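Below you'll find the structure, written out as structure tokens, and then a few comments.
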Amino acid sequence: MSLAAKSLLLIAVLGLAACNNPDRYGAGGAGAGGAGGAGGAGGIDTTGLGDPNNPTSIAYFNQTVGDRVLFAVDQSTLTPEGRSILTAQANWLNQNTGYAAIIEGHADEQGTREYNLALGARRAAAVQNFLISQGVAANRLRTISYGKERPLEVCSDESCYAKNRRAVTVLSAGAGV
Amino acid sequence: MIRPMSRAFRTLMALALGVATLVAAPVLAQSSPPRIVIGQGVIEPMPIAIPTFIDEGGAGDYAREISRVVISDLEGTGFFRNIGEEAHISRITSFDGGVAFEDWKAINAQVLVTGAVSVAGDRITVKFRAYDVFNGTTLEGAALQFAGTTQGWRRMAHKVADVIYSTITGEGGYFDSRVVFVSESGPKNNRLKRLAVMDYDGANVAYLTDSSSIVLAPRFSPQGDRIIYTSYETGFPRITLLDVASLNRQTLEEQPGTMTFAPRFSPDGGTIVFSLERGGNTDIYALSLGGGGLQQLTNAPSIETAPSFSPDGSQIVFESDRTGTPQIYVMPASGGEGTRISGGKGRYGTPVWSPRGDYIAFTKQNEGRFHIGVMRTDGSEERLLTASFLDEGPTWAPNGRVLMFTRETSGGGGQASLWSVDITGRNLKQIPTEGPASDPAWSPLLP
């Protein structure tokens, strides 16, 4: 195929260096959090967590509002508890419009790799759809799935699996993603 | 079954007892050539003799090492047992000299392989003959010479072993091949992953990416010149194409708000099929590498992933959870509803169509265990070949008779490693890698 046609479909990776890189598990380490500052090298957003007693801080969102919801095995439907946490997340986001969010979907290790990527995406989308239904602007939200690649807990029984089947709302400063 | 041996034994017994045998045993001197039929019950390894290849000039270490690789390949199948040199009665001193077949019959070698290696500068020549010891003849097609650069000495040994293996089993060879996989390090909650390739036996490892982003489930192109895989290098899971020779990488064009993953090549190398996720829903798409845009092959509110082409390119087997749990379906390569072929209890995934076209291998989960299994392409004759805490992601050897897969151990310290098993479920063994490893994909036989 012609070089021009090929270039429509395939983009040299080097050209993407300027883009937002939200993979907070990249080997470079840093994700949302740490000392305040706008986009560092490599396009990683860095936002101060702030004081957990300040209801407009990310720390407050993570610790008091709750940044994650959990799912049953193989499921991506929201539990009643999940809905109540997400309602609180939506309220916070509607009141603090200077933040965007990436919703991470995860799965436990009881499944094959590619299926779990899709399952994690389903979970992230369920959260995203709920937040949008509660009035959060869609352009403030983005989803990513990590499948079973980034478990929170590493033991191989249900006590760990339950915590790994999660969708986490990760905030960053900036009105849109 | 090793019929010549048992016939010979029976005939010897009859002679010893002074009884003329009326059993349908042919005369000793005319037994049929040594043969192993894979898939017919338990097989005693065929005893063979492979004396160290002769150094015909400048080839000392190469002759020894090439012989070792040939023996290792053949013994590694579980179908052959090499009779060590300490048991040999006569020695092969010249490649074109005569063979005292009685000496090799006396140690019960069914097949004798003689070889010779010569080296001049960076050029190496390897020649060999495989003999049917009982009939005192050369095995048909098993007298060859290979020439190339010394850097490729292991490949030549693999080619020798491939000829011997396929002559005796009637199957295609698979030793002269490469495997692409993911090399892992670090703790379970923060695995570092990078792409690597190696010979099928673990030798000649090369690393293709660094560990700075998660990489998953690579596949070779049909020519073995490109590798396609899923990478988080851009921050989101996206399909990436890597040229093996130059290591240049290109990422599939971004469709905003989507994730692309699970890419495979079509058998002619001109199309990629893969999963595309949008708004939480995952379907299978095809992209012609020669232009022509994206084609959606499935359209369902369920997860459709892990596609795999039939070797004639006319069909695609894939995984879908449209009935509530992941199962295996087959559809035409142009897309469609798909027909379910998985039938048993449990969850089925990662289907891969054999290069021989006759089987589909898969991962099955049932009652808390994982299995690698095979089934006919209509779903019949399902057989489970392995069982463990976590086995997944089989890949076929080029001859469609061996599978390699990932096995991961449980718990916080759990680690992944590569294993192979043959299609009868026998000869389960680990592939040596420098560290933990996952997601293997086998190349075609190298040219």
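In the text below, chain A, chain B and the rest are named by the order of the sequence lines, each starting its count at 1. Keep in mind it's a predicted model, so treat the numbers as computed, not measured.
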Residue, of [options], that accumulates the most heavy atom pairs under 4.5 Å with chain A:
options                                : answer
B/Gly279, B/Ala306, B/Gly349, B/Pro326 : B/Pro326
B/Gly413, B/Ala262, B/Ser438           : B/Ala262
B/Ile239, B/Asp210, B/Asp439           : B/Asp439

[X] versus [Y], closest heavy-atom pair with distance:
X        : Y        : value
B/Lys193 : A/Arg113 : NZ-NH1, 3.2 Å
B/Gly257 : A/Arg142 : N-NH2, 4.2 Å
A/Ala125 : B/Gly280 : CB-CA, 3.3 Å
A/Gly111 : B/Glu392 : O-OE2, 4.2 Å
B/Asn189 : A/Leu152 : ND2-O, 4.3 Å
A/Tyr146 : B/Tyr232 : CA-OH, 3.4 Å

Nearest-0.5 Å distance that lies between atom [atom1] in [X] and atom [atom2] in [Y]:
X        : Y        : atom1 : atom2 : answer
A/Ile144 : B/Glu277 : CD1   : CD    : 10.5 Å
B/Phe236 : A/Ile102 : CZ    : CD1   : 4.5 Å
A/Tyr115 : B/Thr282 : OH    : OG1   : 9.5 Å

Pairs of donor and acceptor atoms involving the side chains of residues 67-78 of chain A, under 3.5 Å and at least two apart or interchain, shall be tabulated with distances.
{"unit_1": "A/Asp74", "atom_1": "OD1", "unit_2": "B/Arg347", "atom_2": "NH1", "d": "2.9"}
{"unit_1": "A/Asp74", "atom_1": "OD1", "unit_2": "B/Arg347", "atom_2": "NH2", "d": "3.2"}
{"unit_1": "A/Asp74", "atom_1": "OD2", "unit_2": "B/Arg347", "atom_2": "NH1", "d": "2.2"}

Determine whether more than 12 heavy atoms belonging to other residues, nucleotides or ligands lie under 6.0 Å from atom CD of B/Gln295.
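Atom CD in B/Gln295 is crowded, with more than 12 foreign heavy atoms closer than 6.0 Å.
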Per the disulfide bond (SG atoms under 2.5 Å apart) rule, what does the pair list look like for residues 46-159 of chain A, sequence neighbours excluded?
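For residues 46-159 of chain A, and leaving out neighbouring residues, the disulfide bond (SG atoms under 2.5 Å apart) pairs sorted by first residue read A/Cys155-A/Cys160.
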Sequence neighbours excluded, every pair satisfying disulfide bond (SG atoms under 2.5 Å apart) that has a member inside residues 115-153 of chain A
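Disulfide bond (SG atoms under 2.5 Å apart) check on residues 115-153 of chain A returns no pairs.
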Proximity breakdown for [X] and chain A, heavy-atom pairs closer than 4.5 Å:
X        : value
B/Thr305 : side chain
B/Ile303 : both
B/Thr325 : neither

Taking the side chain as everything from C-beta on, heavy atoms only, tell me whether [X] gets closer than 4.5 Å to [Y].
X        : Y        : value
B/Asn190 : A/Arg150 : yes
B/Pro237 : A/Glu114 : no
A/Leu117 : B/Leu216 : yes
B/Met259 : A/Ser145 : yes

Side chain / backbone / both / neither for A/Glu109 at chain B, heavy atoms under 4.5 Å
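When you check distances to chain B, atoms from both the backbone and side chain of A/Glu109 fall under 4.5 Å.
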Need one label for A/Ala118: side chain, backbone, both or neither, based on atoms under 4.5 Å from any heavy atom in chain B.
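Backbone plus side chain of A/Ala118, per the 4.5 Å heavy-atom cut-off to chain B.
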Only heavy atoms, only distances under 4.5 angstrom. Which residues in residues 317-324 of chain B are near chain A?
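Residues in range: B/Glu319, B/Asp321.
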